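Contents: one structure, followed by commentary.
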Amino acid sequence: VQLQASGGGLVQAGGSLRLSCEANGSILRMSGMAWYRQAPGKEREFVASAPTDDRPHYLDSVKGRFSVSRDFAKNMVYLQMNNLRPEDTAVYFCNGYKTYWSDGRLKRNDYWGQGTQVTVSS
């Protein structure tokens with residue numbers, strides 16, 4: 001599956017953005033969808049996930065501010081980001097993953113979209 005993220009931009013602290021991720025196939029086939037981010041000079045980090053069979057999960061620092069949602073009919077995933085902070089500045093990546101058992105071990109295939117830049121000014 002190919003993923004296309006959009007919606008990034010420049011916003012002042014306290015503002016909001018909604019990121020969108022469009023899949024060219026059914027996201028129902030995924031074990032879940034997620035968002036990651038990578039700030040300059042830092043490693044890519046998990047932000048939020050929407051597992052198909054579980055409740056959403058969030059990075060502690062974004063809990064209560066970010067919300068992940070999916071539209072299965074449109075094969076879209078969204079990340080609503082409210083009360084943005086300068087430390088949220090990063091390139092945000094859409095991720096889809098499929099988990100499966102092989103040789104008695106749980107394995108995972110990841111699919112990535114290109115990033116979208118989010119810049120929060122103070």
Side-chain angles (χ1 to χ4, degrees):
V1 64
Q2 292 182 326
L3 305 172
Q4 180 81 24
S6 62
L10 173 64
V11 64
Q12 289 187 334
S16 298
L17 283 174
R18 188 176 83 152
L19 304 183
S20 299
C21 175
E22 182 177 10
N24 71 345
S26 174
I27 61 174
L28 280 171
R29 296 182 179 181
M30 293 290 159
S31 302
M33 302 296 295
W35 289 93
Y36 287 72
R37 68 187 182 186
Q38 187 167 17
K42 295 187 177 181
E43 294 187 352
R44 189 174 298 188
E45 67 175 352
F46 165 83
V47 175
S49 69
T52 300
D53 58 355
D54 197 3
R55 59 181 174 77
H57 300 280
Y58 297 95
L59 178 69
D60 282 348
S61 63
V62 309
K63 285 180 180 177
R65 301 187 297 121
F66 290 12
S67 177
V68 61
S69 61
R70 292 165 293 179
D71 185 331
F72 291 108
K74 296 181 179 180
N75 293 315
M76 296 288 292
V77 183
Y78 304 99
L79 183 68
Q80 178 66 43
M81 306 185 294
N82 299 326
N83 193 20
L84 283 160
R85 304 168 180 170
E87 54 263 39
D88 295 319
T89 294
V91 177
Y92 284 70
F93 296 90
C94 177
N95 164 268
Y97 60 93
K98 296 179 70 173
T99 59
Y100 61 98
W101 288 96
S102 177
D103 298 328
R105 307 172 95 175
L106 184 63
K107 297 186 178 182
R108 168 172 166 155
N109 285 337
D110 285 279
Y111 304 86
W112 295 95
Q114 92 295 350
T116 185
Q117 176 71 47
V118 171
T119 303
V120 185
S121 63
S122 57

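Computed from a prediction, not measured in an experiment: that's the story for all the values here.
- Val47 and Val91 fall into different hydrophobic clusters, where Ile, Leu, Val, Met, Phe, Trp and Tyr residues are linked whenever their side-chain heavy atoms come under 4.5 Å apart, directly or through other members.
- Applying the ring-ring contact (aromatic ring centres under 6.0 Å, His included) test to pairs two or more places apart or on separate chains, none has a residue in residues 57-108.
- With a 4.5 Å cut-off on side-chain heavy atoms, Val1 and Arg29 do not count as touching.
- Here the closest non-hydrogen pair linking Pro56 and Pro51 is CA-CD, 4.2 Å.
- Counting only heavy atoms from C-beta outward, the side chains of Val77 and Val68 approach each other to under 4.5 Å.
- Contact detail for Gly7 and Leu17: the closest heavy-atom pair is O-CD2, 3.9 Å.
- Closest non-hydrogen pair, Gly8 versus Val118, comes out as CA-CG2, 4.1 Å.
- With Arg70 contributing its side chain and Ala50 its backbone, the two residues share a donor-acceptor pair below 3.5 Å.
- Val120 and Tyr36 are not part of a single hydrophobic cluster, where members link through side-chain heavy atoms under 4.5 Å apart.
- More than 12 heavy atoms of other shown residues, nucleotides or ligands fall within 6.0 angstrom of atom CD in Glu45.
- A donor-acceptor distance shorter than 3.5 angstrom exists from the side chain of Gln114 to the backbone of Ala5, with no hydrogens or angles considered.
- Taken to the nearest 0.5 Å, the OG atom of Ser49 stands 8.0 Å off from the CG atom of Asp54.
- Between the side chains of Thr119 and Gln117, a donor-acceptor pair is found at a separation under 3.5 Å.
- Hydrophobic clustering (ILVMFWY, side-chain heavy atoms < 4.5 Å, transitive): Leu28 and Met76 are in distinct clusters.
- Here CG of Asn109 is found 9.0 Å from CE of Met30. Values are rounded to the nearest 0.5 Å.
- Sequence neighbours left out, the pairs with a member in residues 79-91 that pass salt bridge (Lys or Arg N to Asp or Glu O under 4.0 Å) are Arg37-Asp88, Arg65-Asp88.
- Closest of all the heavy-atom pairs between Leu84 and Met81 is CD2-CB, 3.8 Å.
- Under the 4.5 Å side-chain contact rule for hydrophobic residues, Trp35 and Val11 share a cluster.
- Expressed to the nearest 0.5 Å, how far CG of Asp53 lies from OG1 of Thr99 amounts to 7.5 Å.
- In this structure, CG in Leu79 is found 10.5 Å from CZ in Arg18, a value given to the nearest 0.5 Å.
- Among residues two or more places apart in sequence or in another chain, the side-chain contact (heavy atoms from CB on, under 4.5 Å) test is passed with Asp60 by Lys63.
- Annotation for Ser16 and Asn82: closest pair OG-OD1, 3.0 Å, computed over non-hydrogen atoms.
- Listed by first and then second residue, the disulfide bond (SG atoms under 2.5 Å apart) pairs that reach into residues 8-112 are Cys21-Cys94, sequence neighbours excluded.
- When every heavy atom of Lys98 is checked against every heavy atom of Ser31, the shortest pair comes out as CA-OG, 3.3 Å.
- Partners of Ser61 under the side chain to side chain donor-acceptor pair (under 3.5 Å) rule, at least two apart in sequence or in another chain, do not exist in this structure.
- The cluster map of Ile, Leu, Val, Met, Phe, Trp and Tyr, joined by side-chain heavy atoms under 4.5 Å apart, puts Trp112 and Phe46 in the same cluster.
- A search for salt bridge (Lys or Arg N to Asp or Glu O under 4.0 Å) contacts involving Asp110 returns Arg108, not counting sequence neighbours.
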